[in-house]
Amino acid sequence: MKKALEFSIKKRLSGSLARTGVIKTPHGDIQTPAFIVGGTKATVKTLTPEQVIELGGQSILVNAYHLMLRPGAEIIKAAGGVHKFMNFHGPIFTDSGGFQVFSLGMAYKKGIDATSHSQKGDPSQAVHSTGQLTKVTDEGVHFRSHLDGSKLFMTPEMSMELQHDIGSDIHMCFDELTSPLAGREYIEKAMNRTHSWAGRCLNRHKELNEEHESRGENLQALFGVVQGAREEDYRKKSAAFLSGLDFDGFGIGGVFEPGEVPSTVRWINETLPEDKPRHLLGMGAQPADLFLGVEYGIDTFDCVAPTRQARNGALYTYDGRINIKNSNFSTDFGPIDRDCGCYACKNFTRAYVNHLFKSEEILGLTLASIHNEYFIVHTVDTIRNSIENGRFFEHKKEFLERYYGEAAQLFLY
RNA sequence: GCGAACGUAGCUCAGUUGGUUAGAGCAUCGGGUUGUGGUUCCGAGGGUCGUGGGUUCAAUUCCCAUCGUUCGCC
């Protein structure tokens with residue numbers, strides 16, 4: 001069988017785990033390191049595919065859980081796959097939905113945030129917003145739809161079938177994410193279950209790819225997902241175990257803060273094989289995530305923060321984050337960032353975007369999203385260039401000191 | 001001119017049979033958001049309860065006067 005994905009490394013940065021490269025998929029190439037644009041429900045919120053491409057987005061990540069609930073995998077399959085359905089013809093990742101099964105129900109319940117460090121207790125017994133429990137067994141996960149509360153059951157095999165129906169280029173294994181505050185005993189149990197599920201995902205995935213090949217269709221790629229929380233031995237064990245399976249690349253799950261990157265991500269990427277791409281799941285809300293992630297061997301990121309924060313008025317600038325709704329911007333006729341080359345900065349003022357937000361005009365969300373997504377995508381692009389021209393560490397220092405001020409020292413050491 | 005109702009936060013209004021620091025929604029101001037939560041979450045500021053008297057231990061509340069708004073009648 002031919003390969004679903006090819007990864008080649010172009011340049012390595014000595015004194016670090018950083019590298020540049022190219023991921024080749026049936027829907028095009030991704031120059032890495034790259035920021036994968038968040039398109040959870042088969043749309044990058046408020047943006048057309050043309051706007052995503054114009055701001056520099058190479059690839060999009062959609063979410064299998066959300067698409068399973070609406071519109072349903074069968075509709076996307078009938079549409080000819082997610083690329084045709086959403087009219088984006090570049091590489092598309094899917095997240096398995098494992099994260100949502102554990103987090104979304106809880107995240108909707110007031111006072112509990114599954115992704116927060118403040119959460120306590122056993123995540124396998126998470127209280128759903130309807131008062132029901134999400135129950136994890138070795139076979140799969142019983143959970144409830146956050147849309148209507150209906151009972152659902154997901155297995156690794158079902159997740160593979162779902163992602164193949166969606167037809168994305170790169171899939172993630174169905175995994176069990178553990179809270180940062182879970183005890184070692186539970187972390188180990190969840191990790192071992194994730195490993196077991198990884199094997200089951202891979203088996204079903206290969207069967208489905210054989211069907212694709214027999215029909216002359218594009219092959220799809222699968223990434224194994226590393227777990228193990230903040231435990232060095234578990235993370236290394238998880239990375240080593242998954243390295244022994246025939247994955248096209250790896251996802252790194254359960255990392256919550258940039259401070260965990262030089263430890264957790266390093267342990268993992270020192271263990272994983274060099275010749276396969278590594279995707280850091282869900283990280284990229286701030287520049288430190290990106291610089292540290294690349295430095296410690298990450299090739300691709302995805303994160304919803306750029307667009308989510310944009311929708312709430314929090315905009316990146318090279319001098320730090322601003323809240324465009326603040327009253328002092330109502331008469332500021334300069335661009336969001338004078339050094340930014342995005343469509344919003346080239347054509348509109350802070351005063352105008354402030355007005356749009358105050359007036360709850362939809363264009364404000366679009367301009368803010370274009371700016372933030374451009375800022376983060378472009379930041380990773382500059383990181384990639386800095387590796388190729390040997391200026392990564394200088395670039396990192398200049399960028400982070402300007403963005404964070406004195407707090408940049410936390411990331412420079 | 002006569003009668004009635006109403007004047008409480010920037011706006012629209014609760015409330016008090018007289019009793020701690022008078023509330024809400026919206027608006028204003030600030031913050032949060034990392035495998036997605038646009039229309040959200042958290043917090044803050046803001047009122048001598050129209051004005052002036054009286055009764056009372058105590059008045060935004062009861063009484064009187066006055067000013068204003070609205071409605072009805074002549």
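Chain naming here is simple, since letters A, B, ... match the order of the sequence lines and numbering starts at 1 in each.
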Nucleotide B:rG35, atom P - distance to CZ of A:Phe174 in whole Å: 17 Å
Regarding A:Thr194 and A:Glu176, is there a side-chain donor-to-acceptor distance under 3.5 Å anywhere? no
Would you kindly say whether A:Gln286 and A:Tyr404 are connected by a side-chain donor-acceptor distance under 3.5 Å? yes
Please name the residue in the list A:Thr94, A:Asp169, A:Ile76, A:Asp165 that meets the side chain to side chain contact (heavy atoms under 4.5 Å, CB included) test with A:Val82. A:Ile76
Separation of A:Leu47 atom CG from B:rG38 atom P, in whole Å? 13 Å
Say we look at B:rG35 and B:rC26: how far apart would their C1' atoms be, to the nearest angstrom? 37 Å
For atom CD of A:Glu257 and atom P of B:rU33, their distance in whole Å: 10 Å
Which residues pass the side chain to side chain contact (heavy atoms under 4.5 Å, CB included) test with A:Arg19, not counting sequence neighbours? A:Phe7, A:Ile9, A:Arg12, A:Glu274, A:Arg278, A:Asp299
Tell me which pairs pass ring-ring contact (aromatic ring centres under 6.0 Å, His included) where either residue lies in residues 351-371 of chain A, with sequence neighbours left out. A:Phe348-A:Tyr352
When you compare B:rU56 with B:rA44, how far apart are their P atoms, in angstrom units rounded to a whole number? 41 Å
Close approaches to RNA chain B from residues 305-322 of chain A, in residue order (heavy atom, under 4.0 Å): A:Ala305, A:Thr307, A:Arg308, A:Arg311, A:Asn312, A:Ala314, A:Arg321
Using the C1' atom as the reference point in each nucleotide, state the distance between B:rC13 and B:rU8 in Å, no decimals. 9 Å
Name the orientation of the base relative to the sugar in B:rG7: syn if the glycosidic angle is within 90° of 0, else anti. anti
Any A:Asn323 side-chain N or O less than 4.0 Å from OP1/OP2 of B:rG32: no
Nearest-Å distance for atom pair CG/C1', residues A:Leu365 and B:rG37: 13 Å
Give me the distance, rounded to whole Å, that separates B:rG45 from B:rC29 when you measure between the P atoms they each carry. 16 Å
Tell me if the aromatic rings of A:Phe247 and A:His205 count as close, with their centers under 6.0 Å from one another. no
In whole Å, what is the span from the CD atom of A:Glu360 to the C1' atom of B:rU28? 14 Å
Please report the distance, rounded to the nearest Å, between CZ in A:Phe250 and C1' in B:rG35. 18 Å
Look at the side chain of A:Lys45 and decide which nucleotide, out of B:rG31, B:rG38, B:rG35, has an atom nearest to it. B:rG38
Between A:Ser327 and B:rG30, does any side-chain N or O lie under 4.0 Å from OP1 or OP2? yes
Any cation-pi pair here, A:Arg350 with A:Phe333, using under 6.0 Å and within 45°? no
Write down the distance between NZ (A:Lys325) and P (B:rU40), rounded to a whole number of angstrom. 10 Å
In this structure, is the centre-to-centre distance between the rings of A:Phe375 and A:Tyr318 below 6.0 Å? yes
Quick one: does A:Gln227 reach the base of B:rG35 with a side-chain donor-acceptor pair under 3.5 Å? yes
Give the dot-bracket string for RNA chain B, reading 5' to 3', where a pair is Watson-Crick or G-U wobble with both distances under 3.5 Å, ( ) marks pairs inside the strand, [ ] marks pairs crossing earlier ones, | marks a partner on another strand, and . marks unpaired. (((((((..((((.....[...)))).(((((.......))))).....(((((..]....)))))))))))).
Could you work out the separation of B:rU17 and B:rG10 based on their C1' atoms and round it to a whole Å? 33 Å
Test: A:Glu398 and A:Arg402 ion pair at under 4.0 Å: no
Determine the Euclidean distance between corresponding P atoms of B:rG7 and B:rG15; express it in Å to zero decimal places. 10 Å
Between A:His279 and A:Asp302, a side-chain donor and acceptor under 3.5 Å: yes
B:rG35 phosphate, OP1 or OP2, under 4.0 Å from A:His171 side-chain N/O: no
Are A:Arg235 and A:Gln227 linked by a side-chain donor-acceptor pair shorter than 3.5 Å? no
Considering only atom C1', compute the distance from B:rA58 to B:rG19 and round it to an integer number of Å. 7 Å
Using a 4.0 Å cut-off on heavy atoms, which residues in residues 266-302 of chain A reach RNA chain B? List them by number, or say none. A:Leu281, A:Gly282, A:Met283, A:Gly284, A:Ala285, A:Gln286, A:Asp289, A:Asp302
Using a heavy-atom cut-off of 4.0 Å across all strands, would you classify A:Glu361 as base, sugar-phosphate, or nothing? nothing
Hey, which of these two, A:Thr46 or A:Cys303, hits RNA chain B nearer its 5' end, going by closest nucleotide? A:Cys303
Kindly say if A:Lys358 contacts the phosphate of B:rC29, meaning a side-chain N or O under 4.0 Å from OP1 or OP2. yes
Between B:rG30 and A:Asn326, counting only base atoms on the nucleotide and side-chain atoms on the residue, is there a donor-acceptor pair under 3.5 Å? no
Measuring centre to centre across the rings, with the benzene-like ring taken for any Trp, is A:Phe411 within less than 6.0 Å of A:Phe291? no
Could you tell me the separation between the CG atom of A:Leu363 and the P atom of B:rG38, rounded to a whole number of Å? 18 Å
When the C1' atoms of B:rG32 and B:rG38 are considered, how many whole Å apart are they? 16 Å
Just by distance, with hydrogens left out, do A:His142 and A:Thr137 show a side-chain donor and acceptor under 3.5 Å apart? no
Report all side-chain donor-acceptor pairs from residues 37-46 of chain A shorter than 3.5 Å, counting only partners two or more places apart or in another chain.
residue, atom, partner, partner atom, Å
A:Thr46, OG1, A:Ser369, OG, 3.3

